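Below you'll find the structure, written out as structure tokens, and then a few comments.
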Amino acid sequence: MNVYDSRRIINGLQSIGYKESQSAEKADLVIVNTCSVREKAEQKAFSFLGRLASLKKKNPNLIIGVGGCVAQQEGKAILKRVPFVDIVFGTHAIGRLPQQIAEIEKNRCRIVDAKLSDTIEPIQPSGISESKSPVTGFVTIMRGCNNFCTYCIVPYVRGREVSRPPDEILSEIKAYVSSGMREVTLLGQNVNSYGTKEDLCSFSELLSMVNEIDNLSRIRFTTSHPKDISEALIHSFQSLDKLCHHIHLPVQSGSTRILKKMNRNYTRDHYLKIVEKLRLSCPDIAITSDMIVGFPGETETDFNNTLDLVKTVQFDGLFAFAYSDRPKTPAVKFSDKISEPEKKERLQRLLNLQERYTKEKNEALLGKVEPVLVEGLSKKQSETNLDENGTDSSWTGRTSTNKIVNFSLNEKDIAGSGIVPGKTIDIKIIRALAHSLRGKPAEHKESSHDIKGEKNYAA
Ligand code: SAH
Ligand code: SF4
């Protein structure tokens, strides 16, 4: 979500003449886009801001802005706490940022714009919102959240749920595809309730429409709330050829008692049923999740239920967090807080357990041939030169199940087959590492995964 917002901020600033700078030292304007979902993220934002003080001293004309959830949450308190900040803008103020910056340039004033609107205002389409490369990108389909999980700050800093009309979403994706994007990730705090309030279409209907977009190869989405997952969505993994075989389905706890205190509105058993149905519909589906340990009142038995759920489901990956109090949330007032050392210890036990499954899931792919969407050159090229014939390029992409694969191609192969980022090629998995895979191009065969009219790689 923040990456997408950063892209919208950049687009807005470009419209008033700013260009991206490679370093804060050389910039005339620095925007810190913050997240306050977890305490650590908020601390990081303030410590980064602290480091900007020396830049402002050197260049008093430098404009410094703070956006995102922390800006929304703290508002003008940031101007007091960090005296060299020029503008604080909330999560609904991104569209107004260019005019506010122009105002600061003219009058050297300090601005706070942290209004949250409850009305259904259209979300401004952003420019290309690329993540790692233009091959893959994000498109937000809704913003805000109405669920009020008792630990979560999102509804307070991002406001009520608002969905964008399907035609607006489809036009944005089509525009990105025509400039080279091949994979889109649809974003929302709970995509499963897309369109409900506005009586638009259902999320699975939206997916079907996105699936029809020519020259788009892959569709992903995040995040899915288990309480709202529909049979139609589960079936989409079978019926939509572009929908990737991966779902991020945050469970948060393996204890029904704790889930109730979290206001998650599903039980452990219900979650396990969904997992079963997903695997029936799509046997190779990768399932990842979020987990909070040390929620107020979590007993050793509750925590063991969490460990047990992880053993039962065997997630492909897990983001695990120690519970932290967030301002305004009901859980702040809950009794029986878990001590920091206890939370840390539980977190470590959970991470150790999950590591085993992540590794096993990666190892299960050894020797298999996977269609991989080529995203570009890999960052650590030197580590990935695996080809016994000697290679001068190391490439990266992901499987449909969202696993990173690094692989090598030699210049002749690339020239012969015209491999460029954006093509889907068949890669044989030859090594499984903790968090990525290594592969090599498989024997040539026509891949049904590529977009029509494009040739596949011939090894
Ligand atoms: N909308 C998504 C999650 C958004 S927040 C969902 O419903 O799943 C991302 C993750 O941060 C959450 O899934 C949760 O695991 C974690 N998180 C949120 N608030 C937290 C808190 N107070 N302490 C620790 N982790 C938290
Ligand atoms: Fe937060 Fe719950 Fe909404 Fe997710 S569904 S954003 S965890 S309140």
Side-chain angles (χ1 to χ4, degrees), residues 1-5 34-44 68-70 72-73 91 116 138 140-163 185-194 196-197 203 220-229 246-255 258-266 270-271 274 287-298 303 306 309-310 315 317-334 337-340 342-344 346-347 350-351 354:
M1 198 64 80
N2 270 24
V3 177
Y4 184 83
D5 282 351
T34 60
C35 168
S36 65
V37 168
R38 289 172 297 275
E39 196 178 20
K40 266 199 182 150
E42 190 181 330
Q43 285 161 358
K44 264 195 205 162
C69 301
V70 178
Q72 190 64 55
Q73 179 191 309
T91 54
L116 268 189
F138 297 122
T140 200
I141 62 166
M142 60 210 291
R143 74 165 186 211
C145 183
N146 291 350
N147 289 312
F148 292 92
C149 301
T150 53
Y151 52 80
C152 185
I153 200 170
V154 169
Y156 308 95
V157 290
R158 297 223 164 234
R160 293 299 81 75
E161 189 179 291
V162 184
S163 297
T185 303
L186 306 178
L187 290 179
Q189 293 297 345
N190 175 17
V191 293
N192 296 340
S193 63
Y194 169 80
T196 321
K197 198 173 81 188
F203 180 55
R220 299 184 187 276
F221 60 84
T222 195
T223 301
S224 229
H225 195 307
K227 80 176 165 68
D228 293 319
I229 198 163
H246 169 228
I247 187 165
H248 185 63
L249 194 64
V251 58
Q252 314 295 3
S253 170
S255 154
I258 294 295
L259 287 172
K260 195 150 193 259
K261 284 186 81 178
M262 288 176 163
N263 192 32
R264 289 292 287 178
N265 282 304
Y266 54 86
H270 181 63
Y271 186 88
I274 299 169
I287 303 177
T288 55
S289 197
D290 289 351
M291 200 76 90
I292 297 178
V293 304
F295 187 77
E298 183 188 75
F303 179 63
T306 289
L309 182 127
V310 169
F315 293 109
L318 185 69
F319 298 97
F321 311 104
Y323 167 82
S324 56
D325 272 344
R326 304 316 293 128
K328 293 188 188 164
T329 61
V332 170
K333 297 202 178 104
F334 288 3
K337 292 276 162 67
I338 310 299
S339 72
E340 288 303 320
E342 183 76 356
K343 280 192 275 187
K344 238 179 156 177
R346 286 183 188 172
L347 185 62
L350 176 60
L351 291 173
Q354 176 56 38

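Each ligand, and each atom within it, is numbered from 1 in the order the structure gives. This is a predicted model, so every value here is computed, not measured.
Near Phe148, the atoms of ligand 2 lying under 4.0 angstrom from a non-hydrogen atom of the residue are 8 (S). The Gln189 neighbourhood of ligand 2 comprises atoms 6 (S), with distances under 4.0 Å to a heavy atom of that residue. Heavy-atom contacts of His225 reach the following atoms of ligand 2: 5 (S) (cutoff under 4.0 Å).
More than 12 heavy-atom neighbours from other residues, nucleotides or ligands sit within 6.0 angstrom of NZ on Lys227.
Side chains of Asp228 and Asn190: a donor-acceptor N/O pair is present below 3.5 angstrom, by distance only. Between His248 and Asp290, the side chains place a donor N or O and an acceptor N or O closer than 3.5 Å (distance only, hydrogens not considered).
Between Phe319 and Phe321, the angle of the ring planes stays under 30°, which puts this pair in the parallel group of the 30/60° scheme.
Heavy atoms of Cys149 stay at 4.0 angstrom or farther from ligand 1. Residue Asn190 places every heavy atom at 4.0 Å or more from ligand 1. Using a 4.0 Å heavy-atom cutoff, Gln252 is absent from the residues neighbouring ligand 2. Using 4.0 Å as the threshold, Ile292 has a heavy atom nearer than that to some atom of ligand 1. The closest approach between His248 and ligand 1 stays at or above 4.0 Å for every heavy atom of the residue.
Taking both residues in full, the closest heavy atoms of Leu186 and Val191 are given as O-CG1, 4.2 Å, listed atom of the first, atom of the second, then distance.
In this structure, the protein non-hydrogen atom closest to atom 1 (Fe) of ligand 2 is Cys152 SG, 2.3 Å. Looking only at heavy atoms of the protein, atom 14 (C) of ligand 1 is closest to Gln252 OE1, 3.4 Å.
Atom 3 (Fe) of ligand 2 has Cys145 among its coordinating residues (N/O/S atom, backbone or side chain, under 2.8 Å).
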